[in-house]
Each structure stands twice: as structure tokens, then as C-alpha cells.
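All values derive from a computational prediction rather than experimental measurement.
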There are 2 protein chains.
Amino acid sequence: MAKPPSLQDVARTAGLSPATVSRYLNGSLSLPPETAGRIDHAIETLNYQPNPHARSLSRGRSDTIGLLVPEIDNPFFARLAAAVEREASAAGLSLMLYSSLNRKERELHYLERLRRNFVDGLIFATNHVDDGELTAAIGRSSNVVLVDEDIDGVDAPKVFSDNVAGGRLAARNMTSAGHRNLAFIGGPEGIMSSRERLAGFREEAAMAGAEVTVALFGAYSIHHGRDALRQLLDWHPDVTGVFVASDELLFGALETLRDRKIPMGGGLSLVTFDDAGPLAFLDPPVTAIRQDVAGLAREAVSALRGRIAGIEDPPVARVPVELVERRSVSPLV
Amino acid sequence: MAKPPSLQDVARTAGLSPATVSRYLNGSLSLPPETAGRIDHAIETLNYQPNPHARSLSRGRSDTIGLLVPEIDNPFFARLAAAVEREASAAGLSLMLYSSLNRKERELHYLERLRRNFVDGLIFATNHVDDGELTAAIGRSSNVVLVDEDIDGVDAPKVFSDNVAGGRLAARNMTSAGHRNLAFIGGPEGIMSSRERLAGFREEAAMAGAEVTVALFGAYSIHHGRDALRQLLDWHPDVTGVFVASDELLFGALETLRDRKIPMGGGLSLVTFDDAGPLAFLDPPVTAIRQDVAGLAREAVSALRGRIAGIEDPPVARVPVELVERRSVSPLV
DNA sequence: ATTGTGTTGTAAATCGGTTTACCGGCATCT
DNA sequence: AGATGCCGGTAAACCGATTTACAACACAAT
């Protein structure tokens, strides 16, 4: 564990000053081949790598960005993290991973680290409604990009899936299979994704002469999925198709279906949102509106890089979603 | 976007020297209440937070650790990441997330960052066999902990699940349901987890007078799961129970089962390993050997912290696994 | 001979902390 | 009175880079 070589060491063995080596390495000085060769050689033999902390301190940036998600397990955010890491790494950035557990103090804490330049920027995903404190904190620091879910009043680049189109696709899929009596099981009521998915679903259903009889909001959780479907079956037994706004909700719904021995598809048609879980391996495989996680990540990282570079950016990007048709929607006779 | 306050600023407004403030904050100096109050007050009003890069540079450590996994999506590693982040955060450490995509260059690259003190330590998970280069690179840097999968010849703390016990549990569950003709679908052949899971499975099967007729190795992938089960059904139609060494393999196997219209449980009994996917929501829910991801994370972070602190540590920790009995194993008449 | 114009560098300040070595003054002990 | 110890605090070096400002030299042009 000898101490790693510093720029000083390189300079010394190359017979030059640290400044020269630094400027050469950073391209702000072009040297005659002979000198350059000496530097390269010294670097090679010493196996020199610059100290990232010194670099960060000096340059005032760290080439590191942060991703803050509510929870890292949860297939959707896991995929998002993977995609963001890929994008960041491709852009020469490291990724700091934070999880907020949806707790405001933790979100604020990590925003604070951004303010202290621990990271150059932050990709922020949350899914709870804000009382204004977050909005204020985000407003205080400029390099933030919101992804997946909106926070009211925040002035920052935003990257969302096209939820409305997703809702439409779900509705179209069901109505064209003959379903007319539909329902929606969503996430928290105040939240953008819930609202928009329902809005699209409702609009498109209406156009086909179908009706969305019930909309049940709650947490994006298995628990809520289970309970909501129970309630739905009890109170609205004539519903034949339900659009479930996330994979977690779907798994909960599946539990209820199993308990009541109602076959998915034949008994009740289902479309879900996300397509992050192993939906293709369920029986029957379930039809889903698939979020383009890679696309979200690409847009988010690119918006963040723009922001860091001080570029004015488009306020909000919408990433298209896609219908992945499987067999959980049965034609209605 | 005013420049954030520095220690200097705090010292100035408190009418003290930077050294005093620093030492006070780091506990190496105790001050009379009046002076301390002045500092606290200055910090409060300026909203001071130390610059982490300066801190890291000066102290030679960053209070940041890295986690390197093959892929972040993949429910098992996602859960591991979540658990490690939780442990790290509880210990006041930040987590850098890296994904190797199982490519050696990337693994080496990240090890290099460790050597440069970008992170204080690295939790390393890989799942491919090594040609010795990794072993060498890991040997060069001391603060590495191996988790989940072994790399031959590496001298570092290691944290693994008790794979052998897991194999045993799987075998016992099947043999006690009357199964005598068993099979194993595993991951890559050379790899510890495959070997150990099979070994335990085989041993315990033998004790019950059952036999593991076939063992099919391959990647830990859906693809391999599907193909292996096909092959198994074709060549060994008398097998009644199969132990599948990961959730991915299970999903592949499920596909084959569905194609051939063989019901899980009644048609073929299955036990899987990991229990990271939504196994409880399959029909029937599938019995699994559950890895204690939180336990793995706890041991790994604690071993790494020990290593960083220079403490001699136990060479390898084994984390118990647990049988989660569901309904994919049917009693054999 | 003087002036200019590159070329090839370097000295020194700076980023924002931590840490070592020390200092002046007061109380206590002998 | 002199030695001892403690309290409250500071000066200055250091971590390892980047960056600004400038210097020495060669060579050509005037």
C-alpha cells in the first residue's frame, strides 16, 4: 500500500514542473513530441492516475451526478438506476445512488449535498405530494432534473413518460376487445402519473363509447392493488376490464384474483403500467404499457448535462410509451 | 447561486481562526460554552456545510464506498444495492454505484478508482470466472470485500450466502414430499454458487435415498432456464422435482412449462433460489430458498468498514438462507 | 540594433478543509 | 519564587490537483 504517485512525482521524473504536466494533460498546452513523450513515459512507469478529490476541489466540479429514487428495489427504479448509470458512465460521469424512502428529510438532505458540490447535479425522482418545502429547496440549487413524477411549482427540466398516451393505449386495447365497463386502479390521488394515466384512459374510453365507472386511488403498493380490486369486485361486479397503473398494483390485484378464483383474462381483463416485472412469465402473460426507461434515462442525463454546462433547456421532455400486448385482455363476446 | 460559505467565513464571523473552528467541529478541541455558541451561531446563520472534496482531500478518505454489481436491474442485485445503500447510509457513508456488465475491463476500471481513493472501499460482486487478472488487481488494493460470489485466490473478506444449506433445504423439501428423482438447473459451471447449491442438494437428496439425476449448468439467465428445462423434459421425463438455482432460471423454466402445458406443482415440482422476484404472485406461488439480502449487506458493509479501519477480520462470513414454502412442490402419491 | 512573435515552459496562488506544533496566561504545587 | 500543568486558541504546513500570469529563449522582420 505505498502512497500512490502524485502529479509532483510525474513532473519530477519527467524533469518538468507540475504545472506543465497538468496543462499538458488537460490539453491547455501543446508540447514538442520529445517532452510529451517524457511525460507519457513517466505516467506509464509510475502508473499515475490523478487524485479525483484534488481534481474536484480545484475545478469545482466532480464529474459525478446523483440519482435519488424512493426505493432502489422496486423493479422500475432499479431499471431506471441501471439505465442512468449506463448513460452517466457513457458520458464519463460517476453515479451516486441515494434512496429517499419517500421521506422528505432525506430528500432535503441529499439536495444539501448537491448544494455543497458533492455532486454536480441530481436526478430527482419522488412519488409523494409536496407541501412546498421541496419546491423551495430545489429552487435553491440549479442542477436538478425531475424525472418520472412532477413536483408542483418546481422550475427545473423535467422528464416524464407520456402517461396520457399510455392511458389511451390501455383504453383502446380494451375497448377494441369489446370492453365497455372499465375501471382504474391508480397510485396516490394528487400525483401527476395517476392523474394523467387516468385522464388518457378516460378520454379514449369515452371515444369508444365505453365508460370508466370507478377510479380507485391509493399508494403504488401491492397492498393497495389487492384491496382496491377486492372493493372493485364487491361494488362493481359488472366491470370487465381494469387498468392498473403500476406493476405493484398488478401483483396485488393478482392476489385478489387468485383468492377469488377469477382467471385473469377470461374472468377479468387487465392492463398494467411499467412493464418492469416479469410480466411475460405470468399465466397468462399480462399486457402492459411499457415505460421506456432507457429513454427516460437518456433524456434525464442529457438535460442534466445541459444544465450543468449552463445551457438553456427545454422545460419538459415527454418520452413515448409502448403497448406490449400479451394475453391478459380477452375479447368480450 | 452565491458561493457557499467556507470554514474561513465561519471563523471570521465567529471571530476565531479556521483551525479552531475545524478542531471544534471535529471534536479535537473542547471550547467554553460562550465560544462554542459563537461558532454554532455563525454556522447557523451562514448555513455552513463543509465542502466534501476539500475534506476528502485533506483527510485522505471520502466516507464513500462503492458497490460493483454485474447489473443493477436484476432483482437480486437491485435488492442488494438497496440494502447496501441502507447500511452505508446508516453508517454515514455514501454509496457509489457501478455496474460491470460482467466485463472484466469495467471491473478493473473501477478497482483503479478505488486505488486512487475515489472511494474508501469497494463491495465487489461478480459472476463470471476469472483468469487471474482480477485476483491480481484485487490483491493490489486492500479495501475490497467480495460478496455473493467467490473469486478464486483472492485474499479479502468474503460474504456469501450459505449455499450448501440452501441446497439441502431444497432437497429436503422435495424428498419429504416424496420426490426421489431430482434434477438441478444451475448457473455457470465453474462458479461457487452453482457448485455449492448443487453439492448441498445432492448430499441431502442422497440422505433421503433420492437421486439427482441431472445437473445442467449455464448462464444465470432466462434463456438458459428455458432451454435447460426443455432438455431435461426431453431426456429425463421421469424427473419429478427440479431445483432451479436462481429466479431468472425459474422464469425461463416457467416459459417451457407453459409451452408444454405442464402445470407447475402438479406436473413438475420446482424450488428456486433467491426469492427476489414476485414469486408469491405466481400461480401457484413458488417455493424458494430466500437469500437474506439485508444480512449480506450488513455483513459486507461491516467487513468493509473493519477493513477500512484496519481491523483484522474474519475471512469469510456465511449468511443463513431460509426456505420459503409456497405451493410449487406437490406431494408425490 | 530593435522590435515583435511564437515556443516552451515555470512560479505561485488557489480550492477548502485538517492537523501538527506551539504559545501566552493563569492557577496550583513545592 | 520557580516549576508544572491546563485552558483556550493560533500559525502554518499540507492534501494534490488547476490556473493565471509571466519569463526565457529562438528566430524573423524592420
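Of the candidates D/dT18, D/dG16, D/dG9, D/dG9 carries the atom nearest the B/Leu31 side chain, counting heavy atoms from C-beta on. Distance from the side chain of A/Thr20 is smallest to C/dG9 among D/dT10, D/dG16, C/dG9. Of the candidate nucleotides D/dG16, D/dT18, D/dG9, D/dT18 has the atom nearest to the side chain of A/Asn26. Each of C/dC15, D/dG16, C/dT10 was ranked by its minimum atom distance to the side chain of A/Ala54; first place goes to D/dG16.
Side chains of A/Ser141 and A/Arg115: a donor-acceptor N/O pair is absent below 3.5 angstrom, by distance only. Judged purely by distance below 3.5 Å, without hydrogens or angles, the side chains of A/Tyr220 and A/Ser193 pair a donor atom with an acceptor atom.
Annotation: cation-pi pair B/Arg113/B/Phe118 present, NZ/CZ under 6.0 Å from the ring centroid and within 45° of its normal.
One finds a side-chain N or O of A/Arg116 lying less than 4.0 angstrom from the OP1 or OP2 phosphate oxygen of C/dG17. An OP1 or OP2 oxygen of D/dA17 is reached within less than 4.0 angstrom by a side-chain nitrogen or oxygen of A/Tyr48. Contact annotation: A/Ser17 reaches the phosphate of C/dT10 (side-chain N/O to OP1 or OP2, under 4.0 Å).
When heavy atoms are screened at a 4.0 angstrom cut-off, A/Leu29 is found touching base atoms of the nucleic acid.
At distances below 3.5 Å, at least one donor-acceptor pair connects side-chain atoms of B/Asp130 with backbone N or O atoms of B/Thr135.
On a pure distance criterion of 3.5 Å, a polar donor-acceptor pair joins the side chain of B/Arg23 and the base of D/dT10.
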